[in-house]
Amino acid sequence: MADAGATNDQPSIVILTGAGISKESGLATFRDADGIWARYRIEDVATPEAYARDPERVLGFYNARRRGAVADDVRPNPAHVALARLEAEWPGEVLIVTQNIDDLHERAGSKNLIHMHGELLKARCTACAGVHPWRADITLDHACPACGSLGTLRPHVVWFGEMPLGLDEIEDALTGCALFLSIGTSGNVYPAAGFVQHVRMRGGVPTVELNLEPSEGATLFEHARYGPASEIVPAFVDDLLSGGLAAAGARASLR
């Protein structure tokens, strides 16, 4: 997990990303009108109760998601690449807090990253809590690589009713950042949807929404820019790296 603490006196940036940044890479979103939750009931495939009731069905649902995530035609898009560039070139810390369970940020080169909803390409053992890289299907016949237990592996993802990961580190980062960006999020999934309010309560910290269209929390942001992530994110990063926080915020306000 990333270290969210500031390591120097340069201004730090916290970036929240959601499904909208990965959609242009070929991954289905969950909450769009034609998204995954329009075709599956959350109660059947994405809760601890569903796993206890029918583990094969839950594992099958996530096996299909995992196969899609590792498909040859699913690759980081220019938005992922731009954020990796920002991390590499910005003089202060850049932390990406992602709601996405894919590995597209890592594949683009981002290193300071918290997957608050877990990671699809990892398996977790319900017996020993060990977490292991896992790119293939998970079945009840698999043994845990650490403790050897059979039928105890589950996707390393946060199900509805479970606590998101890294919240203490995220809160520390939000409390100390000089800029908060939200990219490709719906604005209706908490606690992530409340991050902008956390930052705004501090006063004087720019908040920017970069999205295909206004989110449910769009009015909470000081600045915004709307359009495809693969276009608006690289442009915003260019503005930020060339002109700093003030220039990027001013240009983002041109909705």
Side-chain angles (χ1 to χ4, degrees), residues 1-4 7 10-30 32 35-36 65-122 131 133-135 155-158 164-166 169-170 173 177 179-186 189 192 195 208-212 215 225-242 245 248 252:
M1 188 170 291
D3 177 6
T7 57
Q10 299 298 323
S12 64
I13 301 172
V14 175
I15 304 167
L16 173 67
T17 66
I21 198 171
S22 293
K23 185 174 183 179
E24 291 180 70
S25 292
L27 294 180
T29 63
F30 283 85
D32 282 352
I36 292 172
R65 309 278 81 71
R66 192 179 302 104
R67 291 185 214 118
V70 300
D72 291 340
D73 59 345
V74 173
R75 303 183 183 90
N77 64 56
H80 296 103
V81 174
L83 294 184
R85 177 189 169 213
L86 179 62
E87 180 184 334
E89 298 183 15
W90 185 251
E93 181 182 57
V94 175
L95 173 67
I96 295 175
V97 178
T98 186
Q99 300 173 88
N100 299 334
I101 57 177
D102 60 65
D103 68 340
L104 292 172
H105 282 302
E106 290 91 337
R107 287 165 60 187
S110 293
K111 297 179 175 61
N112 199 28
L113 186 68
I114 294 175
H115 280 273
M116 64 179 298
H117 291 166
E119 298 177 68
L120 184 59
L121 301 185
K122 292 182 179 179
V131 177
W134 205 278
R135 298 180 67 84
H156 182 50
V157 299
V158 175
L165 306 176
E169 293 91 342
I170 295 168
C177 70
L179 172 67
F180 175 71
L181 303 180
S182 177
I183 302 173
T185 67
S186 63
V189 179
F195 291 170
V208 182
E209 174 169 87
L210 304 177
N211 216 350
L212 184 62
S215 71
R225 186 181 294 181
Y226 298 115
S230 61
E231 298 176 7
I232 63 173
V233 175
F236 183 84
V237 168
D238 285 343
D239 291 344
L240 193 56
L241 290 174
S242 63
L245 299 177

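The model shown is predicted, which means the values in this text are computed figures rather than measured ones.
Atom-to-atom distance recorded for Thr98:OG1 and Leu95:CG is 10.5 Å, nearest 0.5 angstrom. Atom-to-atom distance recorded for Ser22:OG and His80:NE2 is 3.5 Å, nearest 0.5 angstrom. Going from atom CG of Leu104 over to atom OG1 of Thr17 covers 10.0 Å, rounded to the nearest 0.5 Å. Here the CD1-CD distance, from Ile114 to Glu169, works out to 5.5 Å after rounding to the nearest 0.5 Å. Here the CG-OH distance, from Leu212 to Tyr226, works out to 10.5 Å after rounding to the nearest 0.5 Å.
At a cut-off of 3.5 Å, with distance as the only test, no side-chain donor of Asn112 or Glu87 sits close to an acceptor on the other residue. Side chains of Gln99 and Thr185: a donor-acceptor N/O pair is absent below 3.5 angstrom, by distance only.
Side-chain contact check for Phe180 versus Leu16: some heavy-atom pair is nearer than 4.5 Å. For the pair Asn211 and Ile232, the minimum side-chain heavy-atom distance is 4.5 Å or more. Counting heavy atoms from C-beta outward, Leu241 and Arg85 have side chains that approach closer than 4.5 Å. Within the 4.5 Å cutoff, side-chain heavy atoms of Val97 are placed close to those of Phe195. Residues Arg65 and Val157 form no side-chain contact, since every pair of their non-hydrogen atoms from C-beta on lies 4.5 Å or further apart. With contacts defined as side-chain heavy-atom distances shorter than 4.5 Å, the pair Glu231/Glu24 does not qualify.
The residue from Val233, Ile21, Leu86, Leu179 that alone fulfils the side chain to side chain contact (heavy atoms under 4.5 Å, CB included) condition with Ile15 is Leu86.
For the residue pair Ile170 and Leu165, the shortest heavy atom distance occurs at CD1-O, 3.9 Å. Pairing each heavy atom of Ala69 with each of Leu120, the nearest pair is CB-CD2, 4.1 Å. Summarising the geometry of Ala229 relative to Ala79, their closest heavy-atom pair is O-CB, 3.5 Å, with the distance given to 0.1 Å. The shortest heavy-atom contact between Pro234 and Pro78 is CG-O, 3.6 Å. In terms of heavy atoms, Cys177 sits closest to Ser12 at CA-OG, 3.2 Å. Taking all atoms of both residues into account, the shortest heavy-atom contact from Ile96 to Ser110 is CD1-OG, 3.4 Å.
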| Checking side-chain contact (heavy atoms from CB on, under 4.5 Å) for the pair Leu83/Ile183: CA distance, chi angles, key distance, verdict? | CA-CA 11 Å; Leu83 294 184; Ile183 302 173; 4.0 Å; yes
| Worked check of side-chain contact (heavy atoms from CB on, under 4.5 Å) between Val189 and His117 | CA-CA 11 Å; Val189 179; His117 291 166; 4.2 Å; yes
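A side-chain donor-acceptor contact under 3.5 Å links Asn100 to the backbone of Ala19. A donor-acceptor distance shorter than 3.5 angstrom exists from the side chain of Trp90 to the backbone of Pro11, with no hydrogens or angles considered.
Here Asp103 does not pair with Lys122 in a salt bridge; the nearest charged N to carboxylate O distance is not below 4.0 Å.
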